[in-house]
Number of protein chains: 2
Amino acid sequence: MHMSKSSHTSQAQTIKSLSAIQSEVESINRIALSVDCVIFGFDENKLKVLLIRSDLKKFQGKWSLLGDLVDPREELDEAASRILKQRTGLDDVYMEQVKTFGSLHRHPAGRVVTVVYYSLINIQNHKLKILDNELHWHDVSEIEDLAFDHKQILDCSYEQLQRRVQEHPLAFSLLPKKFSLRELQNVYEAILNIKMDRRNFRKKFFAMDFLVDIDEMEQDVPHRPGKLYNFNYNKYEKKKKKWVGIDF
Amino acid sequence: MHMSKSSHTSQAQTIKSLSAIQSEVESINRIALSVDCVIFGFDENKLKVLLIRSDLKKFQGKWSLLGDLVDPREELDEAASRILKQRTGLDDVYMEQVKTFGSLHRHPAGRVVTVVYYSLINIQNHKLKILDNELHWHDVSEIEDLAFDHKQILDCSYEQLQRRVQEHPLAFSLLPKKFSLRELQNVYEAILNIKMDRRNFRKKFFAMDFLVDIDEMEQDVPHRPGKLYNFNYNKYEKKKKKWVGIDF
DNA sequence: CATTTAATGTGTAAAAATAACACATTATTC
DNA sequence: GAATAATGTGTTATTTTTACACATTAAATG
């Protein structure tokens, strides 16, 4: 940022000392900053999001995203990780900043600007840990209304997920380390809300060569078991787009 | 945001009154919030960005993005518009939020979290207005170093522009209302830093039918003049992607 | 143990999109 | 009026995407 509040109308600028800037920063009203996490999971062939019962009277009965105020001595990413860790017990989760929401009246307690992250976790691993009564996994497709502007935030995050999952191998983060191709396809179908052709899907993924056949089969399925695979992140390298997919 | 700072360790949550939350917001240290604008333009067949000489001693001689602190009573988008208006005299410019940067030590004056926007303007229209000596249009490709973390911010914004311009008709915002197809192609080539085949390019844009032939020709060009077109935003509607372009 | 069930696993051909490529035309400049 | 420097245009080859059907396998059932 170029601090110009006091000088942007005068053509002749002076070089400021750091302390001058500092007092400028001090003197301006600061703003409460929060981080909200849109935590996506995948279960029962559906895309889920982890919500908490709102603790605000105004939104009693409504669900909300998981968030917290950012400590001034804390990185934004760290704040997001902290919230995730507190709620799910998980470190080391795929996470991406989505957008910052700052409408004047989005929070009844006053101006609170919130930086939104989404993260993708494998529900299977963590089912046991989420005992908190106030937390619940909701079907993304069935959410109609949330506290604050959280429905809007969820919609925005979901759209970003839909875009990103088509360009990057994120879907694996929603699955256990070992997964069948059918499970992988289910993830895509759930996120993108479409049906895909099984043969074309398999062809596509085998063509990229980062699926590792681990020579194991599904267990305890009531039908012919499928092969299990790992995703090998090492083999993954972003392809350069040829020229331009102008494709509005 | 779900305010949980004081309660996230206790399983039993209580519904809080608004005033309880308010005091929570009050009591927490707030953070200085700024908006930075990455203002792109197009001139001399090159993608340009508008920079200002840093007014910080620490960064003397370096250039920086245009930004300002956000007033607590001001919307984020409005802050971005305000900065743009102050510097370029322009309202009503294409603008998009990019990302929020909040590294602890990104600003020497203390913690300043900044929400970044990029905008696309048509330089031709505004050349006259930018008289400010401290402002200059730089070739994006030639920028090596900026004040603060602004190089990183610029890189991130530029990458977002490259992605977005392939999926949405943004490029028109960098051109005058009347433009030739060659100019349009030049914009794409500059942004994406590639050469394209003229015939295929034209084919692609005529296939989408939002180019309006206004039956005028270029003037004052030292060669055969090309036809001029308008872009018709009304005719533009985002195509639904068929299924999924899984294309990592 | 034979049958049913519900999935997995596999290849080819048609259609669509993309990429490569050359020459006649036009206004300007000299 | 000759040279210049660009515009404007169509076809073919290649690649990518889509559509589509049947044999196989393990588990469950009676």
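Sequence lines set the chain letters: A, B, ... in the order given, protein chains first and strands last, and positions in each chain run from 1.
Among the candidates A:Phe231, A:Tyr188, A:Tyr236, A:Tyr229, the single residue satisfying the ring-ring contact (aromatic ring centres under 6.0 Å, His included) test with A:Phe205 is A:Tyr188.
What separates NZ of B:Lys195 from P of C:dA20 is a distance of 15 Å, to the nearest Å. Whole-Å rounding puts the B:Leu228 CG to D:dT7 C1' distance at 12 Å. When the P atom of C:dT29 is taken as reference, atom CG of B:Asp220 falls 9 Å away, rounded to whole Å. Rounded to whole angstrom, the span from the CE atom of A:Met217 across to the C1' atom of D:dA27 amounts to 13 Å. Note: NE2 (A:His223) to P (D:dT24) measures 19 Å, nearest angstrom. Atom NZ of B:Lys227 is separated from atom C1' of C:dT25 by 14 Å (rounded to the nearest Å). Nucleotide D:dG8 holds its C1' atom 15 Å from the CG atom of B:Leu211, rounded to whole Å. A:Glu218 places its CD atom 21 Å from the P atom of D:dT24, with the value rounded to the nearest Å.
Look at A:Asp145 and A:Lys151 and you find no salt bridge, because none of the NZ, NE, NH1 or NH2 atoms lies under 4.0 Å from a carboxylate O.
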Problem - Verdict with supporting geometry, A:Asp43 and A:Lys48, salt bridge (charged side-chain N to carboxylate O under 4.0 Å, His left out) - result: CA-CA 7 Å; A:Asp43 197 21; A:Lys48 306 272 183 176; 5.7 Å; no
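Looking at A:Arg198, its side chain comes within 3.5 Å of the base of C:dG9 through a donor and an acceptor atom. Evaluation of atom-type donor-acceptor distances gives a pair under 3.5 Å for the side chain of A:Arg199 against the base of D:dA21. A donor N or O paired with an acceptor N or O is not found under 3.5 Å between the base of C:dT26 and the side-chain atoms of B:Arg224.
Looking at heavy-atom distances under 4.0 Å, A:Arg182 makes contact with sugar-phosphate atoms alone, never a base. Within 4.0 Å (heavy atoms only), A:Lys203 reaches at least one base atom of the nucleic acid.
Under the 30°/60° scheme for interplanar angles, the aromatic rings of B:Phe172 and B:Phe210 are found to stand perpendicular.
At distances below 3.5 Å, at least one donor-acceptor pair connects side-chain atoms of B:Asp213 with backbone N or O atoms of B:Asp215.
Taking every side-chain heavy atom of A:Asn200 into account, D:dC20 is the closest of C:dC21, D:dC20, D:dA26.
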